[in-house]
Amino acid sequence: MSSSLVARSAFNRNVATAFARRSLRPLAVQARGAADSAYVPGGPIYRGTVNDPTPFPPPSKTHGSYHWAFERILSAGLVPLTVASFVTSGTNYPILDGLLGVSLVMHSHIGFDSIIVDYLHPRKFPVLGRAMTWVLRATTVGVLVGVYQFNTNDIGLTELIAKTWHA
């Protein structure tokens with residue numbers, strides 16, 4: 001009885017192996033022959049589907065570590081620039097007053113741009129994300145023009161803050 005079990009299991013194993021080879025071979029040949037896919041042990045890979053890897057963006061000096069370094073230098077530079085502007089009078093040093101105004105506006109622009117990128121990304125909100133980016137750019141240009149006008153035709157940013165502080 002045990003010899004018949006061994007013979008049956010060996011026979012079944014050989015039949016199953018032969019059947020699997022014959023039935024899977026056309027799939028492997030078909031996948032290798034197709035121009036848009038290649039056979040791999042896990043199955044064929046089709047190009048142009050959700051399984052494609054995300055392409056790396058090309059390197060740019062306005063993004064990545066250069067952008068991060070610029071933000072940190074600007075933020076760290078605002079501390080001595082603010083102290084220097086309030087120790088000296090803004091009317092005596094208009095260049096220092098102008099640098100403070102431009103630095104504050106650029107620091108604010110970078111912060112609001114980070115908010116838009118994080119919460120209104122153009123891939124998720126294609127219309128609103130791009131619209132808010134352009135609204136931020138227009139607002140930044142308008143504020144820069146206003147700071148320039150205020151520093152050249154009026155008392156200046158530092159004098160305004162000093163008068164408000166002592167009022």
Side-chain angles (χ1 to χ4, degrees), residues 27-28 30-167:
L27 292 176
Q30 180 186 14
R32 286 186 190 147
D36 62 340
S37 65
Y39 179 77
V40 293
I45 298 175
Y46 297 104
R47 305 282 182 231
T49 64
V50 295
N51 296 325
D52 286 346
T54 303
F56 286 104
S60 173
K61 290 193 178 218
T62 60
H63 290 59
S65 62
Y66 295 108
H67 194 249
W68 185 85
F70 175 72
E71 290 175 2
R72 298 305 169 255
I73 290 171
L74 180 64
S75 297
L78 274 173
V79 175
L81 190 60
T82 304
V83 171
S85 294
F86 290 116
V87 168
T88 63
S89 176
T91 55
N92 294 337
Y93 302 99
I95 293 176
L96 191 62
D97 205 27
L99 279 174
L100 178 67
V102 170
S103 298
L104 285 173
V105 172
M106 291 309 298
H107 180 75
S108 299
H109 175 83
I110 290 171
F112 283 118
D113 188 45
S114 297
I115 292 171
I116 291 172
V117 166
D118 288 344
Y119 296 107
L120 296 174
H121 197 276
R123 274 187 300 177
K124 190 169 184 180
F125 301 99
V127 176
L128 186 62
R130 286 186 173 85
M132 290 307 293
T133 301
W134 281 104
V135 166
L136 175 66
R137 290 173 183 166
T139 303
T140 301
V141 169
V143 170
L144 282 172
V145 169
V147 166
Y148 173 76
Q149 291 292 326
F150 189 73
N151 281 338
T152 56
N153 298 332
D154 210 342
I155 59 174
L157 187 63
T158 310
E159 288 294 320
L160 172 72
I161 294 172
K163 284 185 177 183
T164 306
W165 188 268
H166 293 291

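We number each residue from 1, following the sequence as shown.
- With a 4.5 Å cut-off on side-chain heavy atoms, Ser103 and Leu74 count as touching.
- What you find for Ile155 and Lys163 is that their closest heavy atoms are CD1-CD, 4.1 Å.
- A distance of 9.5 Å separates CD1 of Ile73 from CH2 of Trp68, quoted to the nearest 0.5 Å.
- Note: Thr82 OG1 to Leu96 CG = 9.5 Å, rounded to the nearest 0.5 Å.
- Across all their heavy atoms, Ser85 and Thr158 have their closest contact at O-CG2, 3.0 Å.
- For Leu104, the side chain to side chain contact (heavy atoms under 4.5 Å, CB included) partners are Leu78, Leu100, Leu157, not counting sequence neighbours.
- Counting all heavy atoms, side chain and backbone alike, Gly156 lies closest to Asp97 at CA-OD2, 3.3 Å.
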Distance-only donor-acceptor pairs under 3.5 Å for side chains of residues 140-148, two or more places apart:
residue, atom, partner, partner atom, Å
Thr140, OG1, His109, ND1, 2.7
Thr140, OG1, Leu136, O, 2.8

Pair up each side-chain donor or acceptor in residues 112-130 with any protein partner under 3.5 Å, not counting sequence neighbours, and list the distances.
residue, atom, partner, partner atom, Å
Ser114, OG, Ile110, O, 3.0
His121, ND1, Arg123, N, 3.1
Arg130, NH1, Pro126, O, 3.4

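- Scored by the side chain to side chain donor-acceptor pair (under 3.5 Å) test, Asn153 finds Gln149 as partners (sequence neighbours excluded).
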